[in-house]
Amino acid sequence: MTTNRTTDQSNTTNQTVISWVKEMAALCQPDTIFWCDGSEKEKAELTAQAVASGVLIKLNQEKLPGCYYHRSNPNDVARVEQCTYICTSAREEVGPTNNWAPPSEMYEKVNGLLRGSMRGRTMYVVPYLMGPSGSPLTKVGVELTDSIYVALSMRVMARIGDAAYEQLGNRADFNRGVHSMLDINPDRRLICHFPQDNTILSVGSNYGGNVLLGKKCLALRIGSYLARKEGWMAEHMLILGLESPEGEKTFVAAAFPSACGKTNFAMLIPPARYKGWKVWTVGDDIAWMKPGPDGRLYAINPEAGYFGVVPGTNSKSNPNAVKTIERDTIYTNVALLPDGDVWWEGKDGPVPTECLDWRGNRWTPDSKEKAAHPNSRFAAPMMNNPVVAPEANDPHGVPISAIIFGGRRATTLPLIFQSFNWSHGVYLGATMGSEMTAAAVGGLGQVRRDPMAMLPFCGYDMGDYFAHWLRMQKLTKTLPQVFHVNWFRKDEGGNFLWPGFGENMRVLKWIVDRCHSRVGAQESALGWVPKVEDFDMNGLEGFGPAQFEKLQSIDTEEWKSEILLQDELFKNLRATVPKELILQRELLASRI
Ligand code: OXD
Ligand code: MN
């Protein structure tokens, strides 16, 4: 089934959009152009088309109303950092941690691949907003894609349709994004950012992070570039609000590398003893933060949906996510049960006796391979989240009182400490690290530095990015307090020292009390730490002051090697790393 909405029947009067779409259509030569308006009627029409063509499988609508299933090409299951480029006039601008290519060369190469790439296909024109409608922080993008799966996923992940054209008016400052699957060939896979032109070209993939261009490409890579230019911050952070029984709400933003539980923390349910306390989710992946009129930092979540890793999602790890993905969700690369339900490793309930794995092959518990791909995903509307913050749609954003950094560290890093000041806080973010799993190149236990969890997402030189963080002191009156957490410290026997999940509320409570100057702290070599009597251990089975001391201990030998490891990152970024951070390292070394 094709549609008859042609170029001449565009649903915008913005001439820049219309002529750019015409230009791209002349290049890509689609059979048809479909101008998305974001309506429910359109959703039904496109969904029916995707089911008819086999791109989506309709799931059991009694169990999972509004849910659909997609299998990707097995060669296309994750973001591909080696195919991701930042194209600016000078190589130095992108620094040593990004792939660089000259814009002219990359335009020529990708336009060559795009030429005629949409013959026999439809080009969907997806106008979208990153951010709530009417917010001064919100940006407009238009994505052209030949993937109906992308068109349908974009309407979950962003606010799409006429609202975007309304916000744009007749201006020309929208992000131009072009995506073509080509033949989903890893050899012709490129995700190219042109920050100076506010343009993204993505070819050869159909996987979320590479193709839902509003997310990592615009909201983080291009976003971070624009943020530095315009005096705000685009960060790989969740945003949550903690409400006290008296109704006081405190908002915090937190950056953890992938697979460290960002979505879980954003949707945390406080344990029973925290009667009347509530956590509200503003966002689970990205925060855009800008100084407000009162000099505080205000944050919005630019997204409208969650694109989360499915395996391990259950009623212990994240009960709110379980509810969020029960309806209106697009599942990709999980396993399919005979009754049209889905399954994944770590799901509640019994392991099925039989299902189809993410590749479509018969799977039984004896199979050697996983049934769901470890990076299988849900795309679910944030409004499905039982604890979505009402402020998630507030154009003013929320005032951020604390920034939390964290990683997965079996040793060395205590459960919680607070920076002495902003520069020290920037140092904590800059030296953030996480241990790689056995599957990752580099080997078990090796710490990969991932500054502010932005290593794959910073659209310019990392040293300049640190300098921008430091500069925020001049652009704001009151900056958030900065904290570092580690939920993953282990004892000599390899057992976790901290129960994690909902119990992380105890750490969050101390953080929030610190922000409101309600609790004192003790000075340590690393920063301010909780006094043992201030840290709530009530009702924690098998956990008392001795366990807390162990979890918080600072081992001088471990820290000597940690400081050396941190230096490797600084050596790599030598040309631009701010002197203030070198000084912070020296101060840390002298304290240790
Ligand atoms: C994500 C990621 O998908 O960080 O959010 O990779
Ligand atoms: Mn992410």
Side-chain angles (χ1 to χ4, degrees), residues 70 72 76-84 97-98 130 149-150 153-154 156-158 189 191 193 200 202 205-224 233-240 253-267 281-289 299-313 318 321 324-325 329-334 344 372-380 382 385 404-408 429 432-434 436-437 439-440 448-459:
H70 174 76
S72 79
D76 185 33
V77 293
R79 284 187 291 102
V80 275
E81 287 166 27
Q82 69 276 21
C83 307
T84 301
T97 59
N98 279 308
M130 293 313 283
Y149 166 75
V150 168
S153 300
M154 279 298 284
V156 177
M157 296 305 300
R189 189 165 293 159
I191 299 98
H193 306 71
I200 306 156
S202 169
S205 170
N206 201 30
Y207 168 79
N210 301 327
V211 298
L212 306 174
L213 300 184
K215 192 176 175 68
K216 301 299 184 184
C217 301
L218 171 53
L220 289 178
R221 296 196 192 96
I222 301 261
S224 58
M233 304 171 88
E235 301 300 330
H236 191 198
M237 290 181 178
L238 67 94
I239 310 164
L240 67 79
F256 308 150
S258 304
C260 291
K262 225 152 75 248
T263 304
N264 296 351
F265 191 50
M267 298 185 179
T281 318
V282 180
D284 80 323
D285 195 40
I286 298 172
W288 281 358
M289 303 188 283
I300 61 163
N301 168 17
E303 302 190 274
Y306 308 134
F307 185 67
V309 175
V310 183
T313 304
N318 195 337
T324 303
I325 63 178
T329 296
I330 301 174
Y331 288 92
T332 300
N333 290 345
V334 293
W344 54 83
H373 189 277
N375 193 34
S376 52
R377 295 280 176 149
F378 55 75
M382 73 170 180
N385 176 2
I404 307 172
F405 295 117
R408 179 184 289 272
M432 234 171 90
S434 208
M436 298 194 284
T437 61
R448 168 172 136 140
R449 296 288 146 195
D450 186 356
M452 283 85 172
M454 282 288 276
L455 191 63
F457 306 119
C458 185

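Counting starts at 1 for both ligands and their atoms, in listed order.
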Across all chains, not counting sequence neighbours, the ring pair (Phe, Tyr, Trp, His ring centres under 6.0 Å) partners of Phe378 are none
Which atom of His236 is nearest the Mn ion (ligand 2), counting N, O or S only? It is NE2
cation_pi(Lys216, Phe457) dist<6.0 Å, angle<=45: yes
Less than 3.5 Å apart, N/O on ligand 1 and N/O on the protein: could you list those pairs with the distances?
unit_1   : atom_1 : unit_2 : atom_2 : d
ligand 1 : 3 (O)  : Arg377 : NH1    : 2.9
ligand 1 : 3 (O)  : Arg377 : NH2    : 3.3
ligand 1 : 4 (O)  : Lys216 : NZ     : 3.1
ligand 1 : 4 (O)  : His236 : NE2    : 3.3
ligand 1 : 5 (O)  : Lys216 : NZ     : 3.0
ligand 1 : 5 (O)  : Asp285 : OD1    : 3.3
ligand 1 : 5 (O)  : Asp285 : OD2    : 3.2
ligand 1 : 6 (O)  : Arg79  : NE     : 3.0
ligand 1 : 6 (O)  : Arg79  : NH2    : 3.0

*Answer yes or no for Lys216: is there an N/O/S atom below the 2.8 Å cut-off from the Mn ion (ligand 2)?*
yes
Looking only at heavy atoms, the pair that brings Thr281 and Asn385 closest together is OG1-ND2, 2.9 Å
Which atom of Asp285 is nearest the Mn ion (ligand 2), counting N, O or S only? It is OD1
Asn206/Tyr149 under side chain to side chain donor-acceptor pair (under 3.5 Å): CA gap, chis, key distance, verdict:
CA-CA 8 Å; Asn206 201 30; Tyr149 166 75; over 6 Å; no
Subject >> Check: Asn318/Thr313 side-chain N/O donor and acceptor closer than 3.5 Å >> reply: no
Scanning both residues in full, the closest heavy-atom pair of Cys217 with Leu213 reads CB-O, 3.4 Å
Q.
As a quick check of understanding, evaluate side chain to side chain donor-acceptor pair (under 3.5 Å) for Asn333 and Ser376, giving each step before the final call.
A. CA-CA 5 Å; Asn333 290 345; Ser376 52; over 6 Å; no
